[in-house]
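Convention: sequence-line order gives letters A, B, ...; per-chain numbering from 1.
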Amino acid sequence: MSEKKVRVRFAPSPTGGLHLGGVRTVLFNYLFAKKHGGDFVLRIEDTDQSRYVEGAEKYIADCLAWCGLIPDESPMAGGQYAPYRQSERKVIYREYAERLVSQGHAYYAFDTPEELDAKRKEVPNFQYGHTHRSGLRNSLTLPLQEVETLLHNGTPHVIRIKMPDDETISFNDMIRGYVSFETGLVDDKVLLKADGMPTYHLAVVVDDYLMKISHAFRGEEWLPSAPVHLLLWEYLGWKADMPKWAHLPLILKPDGHGKLSKRDGARLGFPVYAMNWYDAKTEELTQGFRELGFLPEAFLNLLAMLGWNDGTGQEIFTLDELIEKFSIERISKAGAKFDFEKAKWYNAEWIKNAPAEKLKVKVAEVLTAKGVTVNKEAYLLKIIDVVKDRCVLLTDFYQQASYFFQCPKEYDINSVKPKWTDVKTDFFNQLKDTFSHSDAFEPADLEARFKALAEEKGLKLGDVMLPFRIMLVGGKFGPHVFDIAALLGEGETLKRIDKALEAFTAQ
RNA sequence: GGCCCGUUCGUCUAGGGGUUAGGACGUUAGAUUUUCAUUCUAGAAACAGGGGUUCGAUUCCCCUACGGGCUACCA
């Protein structure tokens with residue numbers, strides 16, 4: 001059993017955008033698989049046709065691609081255990097459901113949803129289980145003849161598992177340790193729906209078996225239905241092949257309580273989905289981490305730290321390091337509240353530590369998207385190096401770098417105009433002359449000339465430094481002014497002084 | 001309501017029978033930077049409560065409280 005090849009799966013249902021909790025589940029699956037030389041498969045659980053959303057499947061694949069978590073097998077890439085879309089495996093499930101019925105572990109139930117709704121209203125704490133199933137319309141209560149007639153006539157029905165009245169079922173969760181349940185308290189879950197599609201409960205067991213899944217990671221919200229799955233593995237005769245379970249702690253809302261949801265992002269002003277998600281039905285766009293300006297490396301890094309650490313205090317990890325150091329034993333049990341401030345810190349760290357070469361394509365995209373023309377790569381690289389320390393998000397490069405490519409359109413005029421004097425006008429006019437005599441146009445030389453002139457004019461350095469910055473940048477931010485001037489070059493610097501002077505001295 | 005899971009600074013967490021309970025984010029105060037950011041230094045800040053077990057519990061056990069999840073022909 002221990003020689004069994006590691007195979008894990010991420011099994012989302014294509015119902016909308018991919019939540020950060022989902023990406024974390026992918027990550028942990030992926031890390032575990034890669035660490036053990038195993039396979040990572042993507043399986044689409046589209047058994048609920050009413051919830052199917054067009055485009056969601058491609059979106060999920062795109063998210064994984066952006067993150068660099070590429071499945072070894074998937075509906076798109078195919079694989080030995082295809083198909084990987086449950087809707088395309090529909091015929092498979094019925095056979096196993098029927099097998100369970102014939103073995104007495106499951107039964108046909110003919111109650112309509114309406115009847116059950118009524119029952120739930122009428123009976124407090126109603127459960128379709130050993131306490132109530134004897135009073136309902138199913139193959140356990142109806143005469144054999146009638147069941148056969150109903151079936152023969154194509155009467156809509158479901159197949160439900162028959163939970164034992166009084167058994168204790170337990171297992172060893174890789175994260176939580178020993179967990180146990182009383183079967184009498186769990187209801188007879190539907191296995192096969194009236195439309196012939198399996199529910200998650202049946203499909204997950206059948207497919208995990210057929211696809212030889214060795215370890216199953218999923219959110220903690222699945223823990224209560226684990227006994228159903230355990231029983232199914234047993235009844236189907238596959239117990240020896242059952243994957244090891246790992247129920248991941250949930251990602252919670254930063255404020256208040258409960259699972260983090262898409263709505264929280266909108267409410268609190270941060271993304272929850274990996275990438276932008278456009279809902280055609282509601283015409284609603286939900287912003288993603290990618291579009292907000294996160295690096296995929298940072299996104300993965302911060303997700304990994306939500307519920308896992310390597311015990312050393314290290315917080316910045318590359319994907320390769322995560323693969324190397326990942327271990328299930330170090331996953332925490334408690335849910336984690338999502339902290340967007342810390343998320344931004346991770347991104348800032350990744351931007352700060354990335355070589356300009358790695359950032360150039362993304363930065364160029366940010367700038368061009370805003371209408372800034374970027375054509376000289378060597379220049380772009382220098383600019384990135386000089387401003388990346390002040391960017392938290394990739395989109396910050398617009399504000400931090402665009403003035404290197406175009407003259408500021410607006411000036412922080414309030415910071416200069418009230419204190420403007422003719423002496424200053426005079427100073428800057430002469431500065432142009434001094435600067436044009438600088439041979440190299442290097443920061444140190446420019447600074448020396450600037451200082452000498454200020455002294456000559458009897459101006460305090462502080463009185464002209466800030467105006468000079470605003471002339472070149474437009475606002476009170478950016479690297480050292482003389483570095484900026486040098487990067488801009490003589491022509492552009494003089495031009496900007498002129499242009500700003502006009503604005504500063506206008507009535 | 002029932003069942004299941006959980007509980008160390010505001011947040012993410014390390015630790016684990018005897019510690020000044022450590023780190024990070026955020027925050028506060030300084031230093032550097034004649035802008036902003038980075039960087040650096042310092043500070044405030046936590047073992048939910050009650051019972052056991054023990055010479056000694058934050059650590060082990062039980063209870064309570066609190067939090068979360070599930071309770072669909074959704075996943």
Using the [atom1] atom on both, measure [N] against [M] and round to a whole Å.
{"N": "B/U58", "M": "B/A21", "atom1": "P", "value": "12 Å"}
{"N": "B/U13", "M": "B/C73", "atom1": "P", "value": "35 Å"}
{"N": "B/G6", "M": "B/C61", "atom1": "P", "value": "11 Å"}
{"N": "B/G22", "M": "B/A37", "atom1": "P", "value": "30 Å"}
{"N": "B/G50", "M": "B/A31", "atom1": "P", "value": "44 Å"}
{"N": "B/U32", "M": "B/C36", "atom1": "C1'", "value": "14 Å"}
{"N": "B/A44", "M": "B/C62", "atom1": "P", "value": "37 Å"}
{"N": "B/U41", "M": "B/G23", "atom1": "P", "value": "12 Å"}

Short side-chain N/O contact from [X] to OP1 or OP2 of [N], under 4.0 Å:
{"X": "A/K333", "N": "B/G68", "value": "no"}
{"X": "A/R330", "N": "B/G15", "value": "yes"}
{"X": "A/K193", "N": "B/C74", "value": "yes"}
{"X": "A/S332", "N": "B/U13", "value": "yes"}
{"X": "A/R51", "N": "B/A75", "value": "no"}
{"X": "A/N125", "N": "B/G1", "value": "no"}
{"X": "A/T47", "N": "B/A75", "value": "yes"}

Would you indicate what [X] reaches in the nucleic acid, counting non-hydrogen atoms under 4.0 angstrom: base, sugar-phosphate, or nothing?
{"X": "A/R176", "answer": "sugar-phosphate"}
{"X": "A/K259", "answer": "sugar-phosphate"}
{"X": "A/K344", "answer": "nothing"}
{"X": "A/V190", "answer": "sugar-phosphate"}
{"X": "A/G307", "answer": "sugar-phosphate"}
{"X": "A/D111", "answer": "base"}
{"X": "A/S180", "answer": "sugar-phosphate"}
{"X": "A/P12", "answer": "nothing"}
{"X": "A/H247", "answer": "nothing"}
{"X": "A/V179", "answer": "sugar-phosphate"}

Given that A/A336 and A/M465 both sit by RNA chain B, which one's nearest nucleotide is further toward the 5' end?
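So the residue in question is A/A336.
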By nearest-nucleotide position on RNA chain B, the 5'-leaning member of A/P113 and A/E182 is A/E182
Partner nucleotide of [N] by Watson-Crick or wobble geometry (both distances under 3.5 Å):
{"N": "B/G1", "value": "B/U71"}
{"N": "B/A29", "value": "B/U41"}
{"N": "B/A24", "value": "B/U11"}
{"N": "B/G18", "value": "B/C55"}
{"N": "B/A48", "value": "B/U64"}

Minimum-distance nucleotide to [X] side chain [options: [options]]:
{"X": "A/E315", "options": "B/U7, B/U38, B/A24", "answer": "B/A24"}
{"X": "A/K476", "options": "B/U35, B/U71, B/C73", "answer": "B/U35"}
{"X": "A/W345", "options": "B/A75, B/G26, B/C4", "answer": "B/G26"}
{"X": "A/F477", "options": "B/C5, B/C36, B/G2", "answer": "B/C36"}
{"X": "A/R120", "options": "B/U13, B/A72, B/U39", "answer": "B/A72"}

Give a yes or no on whether a salt bridge exists between A/D207 and A/R9, defined as a side-chain N under 4.0 angstrom from a carboxylate O.
no
Provide, to the nearest angstrom, the distance between the [atom1] atom belonging to [X] and the [atom2] atom belonging to [N].
{"X": "A/N347", "N": "B/A37", "atom1": "CG", "atom2": "P", "answer": "18 Å"}
{"X": "A/M305", "N": "B/A24", "atom1": "CE", "atom2": "P", "answer": "13 Å"}
{"X": "A/L252", "N": "B/U11", "atom1": "CG", "atom2": "C1'", "answer": "12 Å"}
{"X": "A/D339", "N": "B/G26", "atom1": "CG", "atom2": "C1'", "answer": "7 Å"}
{"X": "A/E447", "N": "B/U35", "atom1": "CD", "atom2": "P", "answer": "12 Å"}
{"X": "A/F338", "N": "B/G68", "atom1": "CZ", "atom2": "P", "answer": "19 Å"}
{"X": "A/L303", "N": "B/C25", "atom1": "CG", "atom2": "P", "answer": "19 Å"}
{"X": "A/D195", "N": "B/A72", "atom1": "CG", "atom2": "C1'", "answer": "14 Å"}

Could you check whether the side chain of A/R390 and the base of B/C36 have a donor-acceptor pair of N or O atoms closer than 3.5 Å, going by distance alone?
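A donor-acceptor contact between them is present.
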With distance as the sole criterion, do the side chain of A/K342 and the base of B/A24 form a donor-acceptor contact below 3.5 Å?
yes
Within the 3.5 Å criterion, strictly below it, is a donor on [X] or [Y] matched to an acceptor on the partner's side chain?
{"X": "A/E98", "Y": "A/Y108", "answer": "yes"}
{"X": "A/Q400", "Y": "A/K388", "answer": "no"}
{"X": "A/E45", "Y": "A/S13", "answer": "no"}

Are A/R43 and A/F10 in a cation-pi setup, meaning NZ or CZ lies under 6.0 angstrom from the ring centre and within 45 degrees of the ring axis?
no
Can the positive tip of A/K342 be found less than 6.0 Å from the middle of the six-membered ring of A/W345, inside 45° of the ring normal?
yes
Under 6.0 Å between ring centres, would you say that holds for A/W308 and A/F317?
yes
Walk me through whether A/D173 and A/H247 qualify under side chain to side chain donor-acceptor pair (under 3.5 Å).
CA-CA 7 Å; A/D173 187 273; A/H247 289 91; 2.6 Å; yes
Can you find a heavy atom in the side chain of A/V272 that is under 4.5 Å from one in the side chain of A/R263?
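The answer is no, as the side chains (C-beta and beyond) never meet within the 4.5 Å cut-off.
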Do the ring planes of A/F289 and A/F338 sit parallel (below 30°), tilted (30 to 60°) or perpendicular (above 60°)?
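Ring orientation of A/F289 relative to A/F338: perpendicular.
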